[in-house]
Every structure is written in C-alpha cells, then in structure tokens.
Amino acid sequence: MQNSVDPLFGGQAAGKALVLEEPLSFWGGVDISTGMIADPHHPQKGSSLADKVVFLPGTKGSTAGPGALLELIYAGNGPAAIVLTEEDSITVIAGLVAASSFGITMPVFRLEGKLEKVDSDRWIELSENELIVSD
Amino acid sequence: MSDLVSLSDHDQAIQHGELGEAPKFAMDILLGVANATRAKRLVSIKSAHIVGSYYGGEADLKVLQRLNALEARVIVPTTLSSSGLELSSKQESVDYRKNCEVVEAYQNMGCRAELTCAPYHLEELPSRGDNVAWAESNAVLYANSVLGARTNMTGQYLDICAAITGRIPEVGMYLEENRKGTIIIDLSLLPQRWLTNDGFYPLLGLFLGINLKGEIPILIHGNQNVSVDYLRSLGTGIATSGNTPMFHVVGVTPEAQTLADCQAKSGLEIVKVTPSNIRAAKQMLDNGNEALSAICLGTPHFSVREFEVLRDLLGGRSIARKVKGLISTNRYNKLQIKQSGLLNEVEGLGFEVVTDTCTYYGSTLGEVEGTVLTNSAKWAYYAKANLGVDATFLNMKECVESAVAGAFVRDEAFWDAK
C-alpha cells in the first residue's frame, strides 16, 4: 500500500477503518454513550467510532471537542486510533490529555500525502511509519 | 517530539519542571500541539478565554481536579465561557452541583467566572495585533475579524494550558501571512433588504462555513454600516458549520480598509452568493409550522443593542402565554439593562432573561412539546443533536411576531422575492 504516516504520539494500533467523508464536531456531534456519530448534518450519522481506526479530514464546530472526545475515550467508546488526513489539533489535545491524565492511549497519526485505497471496514494496522491495509 | 520547535530558555525551564508540575503538564500539551501543527516556536499571549466551564463528564472533572491538586495558576487575565445552567440561581440538583465544581476548579486557578460566550461584550478587550488564546468558536471569529486581535480556534485544555504558561504555538492566525483573505465573496446578487436585516447574516455564515474549506473570505458588502451584532452573527454562522477562523469585510473590518490590504494576492477567485444559496441555508434550519412551544434568543449572548431592538419590535405586546420565551445573555449586559429599565420591560412582556449559560444545551429549556423558534443559526443547527428538539430559524421580526401570535408568522415575501 502507498500510505505512509507520521506518528504524532502513541505508537501502534489496529482496527477496522472508518473513513470519514467530512470533518466532525466531537462536541454535539458524537453520542458519548455509544460512540456513534449523532450530528444530523454529517453524511455518516449512525456510524460508530468505537475501536475504529478513524480517518479524519479535520474537525469543525465547537472548540470544546477535546472534552467530548476525552469523555468518549474515558467511557471506552473511543477510536482505536485516529489518522489525520487534514491538520487538526482537537484530537491531538484529547489524546495527550487522555494519556497524561488517565494512562489511556489513543494514538494519533498524520497521513503523509494523499489517502490511497482505503475503504471503511478494511482492517488497518499502524506502526511507527507504516499503515498496512488488509482484507 | 518537540525537536522542530525552538524553545526559549523560559519555555525549556517550564518543560523541565523547574516552575512546578502544573506548568510542565501544560507545556507538554502545548508542545504536542506545536509538533502536530508544525509550529516553529511558541509566542506569548495577553489573555485567554476558556471554553470548558460547564460539566461535560467525569473525565473532564478529574482533569481539572488534578490541575487543582498540582496548584495550577493562570498567569494572564482569563475569563470563562458559558456554563451548563444559570449558576447565580441556586438549585438543589446534581447538574447544578457538578457545574459549580467545574467553575470552581477554574476559579481556583485564577480564572474569572464571567460565564459568557461573548467575551467581546466585556469591558476589557484585546487591541488590534494582540495575541490572545480564545476558545469558543464565535468569540474567535469576533476577535480575529472584528477586533483584529490574533487567536486560533483554541481547543479546550489548550486554552487553560496557554493561560497557565502564557504561551501558545505560533501557527495559523498568529502569523500575519495567514490572516489574508484567499477568496472573494460577492454579495451583489442578493436583495438589498437582506443586507440590512439581522436574519441574513447567520444564514450567510452557515452557507460560508459549509463551503469555504479552509479559505479566508473577503466579503464585498457595498454598505459600510454593518453593525457589530451582524458581524457577530456572520462569524457565529461560519463557526457553526465550518472551521474558518476569520473573515474580512472590505471597508468595515479593521484589517480590510481596502481590498488590497486584506487579499493574499491579486486575482483571487470570486464567488457570487445567490439568493437560492441563502434560501437553502434557511431551509436546512426549518422544521415547518408545527406547534410553537418556545422562543430562544441570545445564542451567542444577546447584546444590549439586541435587547433594544427586541423591545422596539414588541412595541408593548406580550408574547403568547403558551410560548416559553428565553433570552440568554451575560451578567454584564443584564446589569446594564437592569439599570436602564429594559430588563423590566422585556420580563413584563413574558420573556425570561437567563445568564451564565445558553439554552441550546444543558437543562435550562426543559421539556417542550413542539418546535422551538430561534433567531440563531447556531441554536437551530445544534438543537436536534443536543436537546432532541426540532428548531426553526427565522429573523428577529418573524420571531417576535410568532411569539406574540403563539404560532408561526412567516414573512415569505421578505425571503422569497427578488
């Protein structure tokens, strides 16, 4: 596969892919008790973030996103990892606070270049600089 | 991790824990964000505005309690945004107690409990060119665009980390070159009466937020008397549906005296906004003519001027008994309208004026049956997901006429005709 990643923090992760088509607001846009996208304006409303490798084209809306994502992670409904396909700091802040305050790791990676050949539900393994897609 | 970020001696002292554990905790987060956003260095800030001053859950409360245990203190003037409910009216509920715990945790760090999403209504404002770390997206748009101060969409926790250290990664809006407009928004196809009406600006903002995709818009307005309330509504709309941190209005906003002042280069793409663009944005926020249950004004917090406009539109008429009327504002504005007698007038006509919070989340609105009417695109956009209620956006005049009649009163001719 062509994708290479830059680990922003956290190390290895694996999970099913969820490739988001649009930016997400974690505050008000995700149901913390289930991990499902609840924003009625998001095209993937109803998809679950829990245990997924979420390919995220950035965040939008409220700056209170880190708190909502932190609650999601703390409740055990957070993503396995986030791969940023656009720059974002909301997810990075939540991940850093979850790690330093609760010892829970939700790695965040930055995609280098354009995202190629990844569909939702494919199995993703992430290590240092590699993103491996399998069936 | 912070190899690429060049740190001052003072930053390094904080990083190594020489100023205590709390500043070190804060610096670790600042450097993580600096790395993720490719900042080259940190810069100093003059003030901070904090977004997380409501009860969002146990994880958040534990983080704040830990900061208290580490004796974290802010070193720049720091204000708090809205809380989860009106804290100045004491209640015996878990919700009330938890919100108080969050606010007290921030107060313990030296933050001021102004509890407003509109810090630009407070007396001390940043000046043009000042670096600040404001969170609360509508306030960020206002600070950059209307005040000419410099801030990114500071995320929750990054805001308090910046306030504890007085530092922030120098990326985005802190850099002069990133503040220039990159696309021209031409409003000349729109009916002139829209441009002088409050209801137009939230919809324009919503449309731009959805469509800008990282561009900073330069609006050609053709009228240099755009009120700050309208600019506020425009920014709020943009921040609701998008992530653009700034806009320019030529001849109106401080960094856009002329087009040449604010454009990134000459020959920018020009987008002409059409009437159908605005009507489509309005349609997104329309839940039909169901029974009218409540009217919620003041998202972001109602300005004193907006209270005056409301009083004039009411013209002494009370709102219908079955319609719950709520207006959110801050303690500072409420004190002003109390002194002028305006508070008594609007309360006498059936409105309840709520401070410290906003009605589009939390428990203030309570149970309602039927559609909630609002003059805020932000309220209508978030209502379903936050509160589970249907909401419809209309302009202030339509809101007032509907509230008085107890049923939807729409000015179709205003929105439809060319």
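Numbers restart at 1 for each chain; the letters A, B, ... are given by sequence-line order, proteins then strands. Every heavy atom of this structure was used, including side-chain atoms; hydrogens, water molecules and symmetry mates were not.
Interface residue B:Ala239: only backbone heavy atoms are found under 4.5 Å from chain A. Both the backbone and the side chain of B:Val33 come within contact range of chain A, each with at least one heavy atom under 4.5 Å from a heavy atom of that chain. Residue B:Tyr381 touches chain A through both its backbone and its side chain, counting heavy-atom pairs closer than 4.5 Å. Interface residue A:Ser25: only side-chain heavy atoms are found under 4.5 Å from chain B. Proximity to chain A involves both the backbone and the side chain of B:Thr37, based on heavy atoms less than 4.5 angstrom apart. Heavy-atom distances place the backbone of B:Thr154, and not its side chain, under 4.5 Å from chain A. Looking at B:Asn386, only its side chain comes within 4.5 Å of chain A, counting heavy atoms on both sides. In this structure, chain A has a heavy atom under 4.5 Å from the backbone of B:Ser241, while its side chain stays farther away.
Within the 4.5 Å cutoff, side-chain heavy atoms of B:Ile29 are placed close to those of A:Val97. The shortest side-chain heavy-atom distance between B:Asp60 and A:Tyr74 does not fall under the 4.5 Å cut-off. Side-chain contact check for A:Ser101 versus B:Arg66: some heavy-atom pair is nearer than 4.5 Å. Between B:Tyr157 and A:Leu70, some side-chain heavy-atom pair lies under the 4.5 Å cut-off.
Across all their heavy atoms, A:Ile90 and B:Gly155 have their closest contact at CD1-CA, 4.1 Å. Nearest heavy atoms, A:Trp27 versus B:Tyr382: O-CE2, 4.2 Å.
Taking NE2 of A:His41 as the start and CG of B:Leu206 as the end, the distance is 8.0 Å to the nearest 0.5 Å. Atom CG of B:Asp159 sits about 8.0 Å away from atom CD1 of A:Ile93, to the nearest 0.5 Å. Of the inter-residue distances, the one linking B:Leu61 atom CG with A:Glu71 atom CD reads 9.0 Å to the nearest 0.5 angstrom. Separation of atoms CD (A:Glu87) and CZ (B:Arg38) is listed at 6.5 Å; rounding is to 0.5 Å.
Residue with the most contacts toward chain A among B:Ala36, B:Ala385, B:Ala135: B:Ala36 (heavy-atom pairs, distance under 4.5 Å). When the candidates B:Thr244, B:Thr240, B:Leu158 are compared by the number of heavy-atom contacts under 4.5 Å with chain A, B:Leu158 comes out ahead.
A donor-acceptor pair under 3.5 Å links the side-chain atoms of B:Asn243 to the main chain of A:Thr59, judged by distance alone. Within the 3.5 Å criterion, the main-chain N or O of B:Gln156 finds no donor-acceptor partner in the side chain of A:Thr63.
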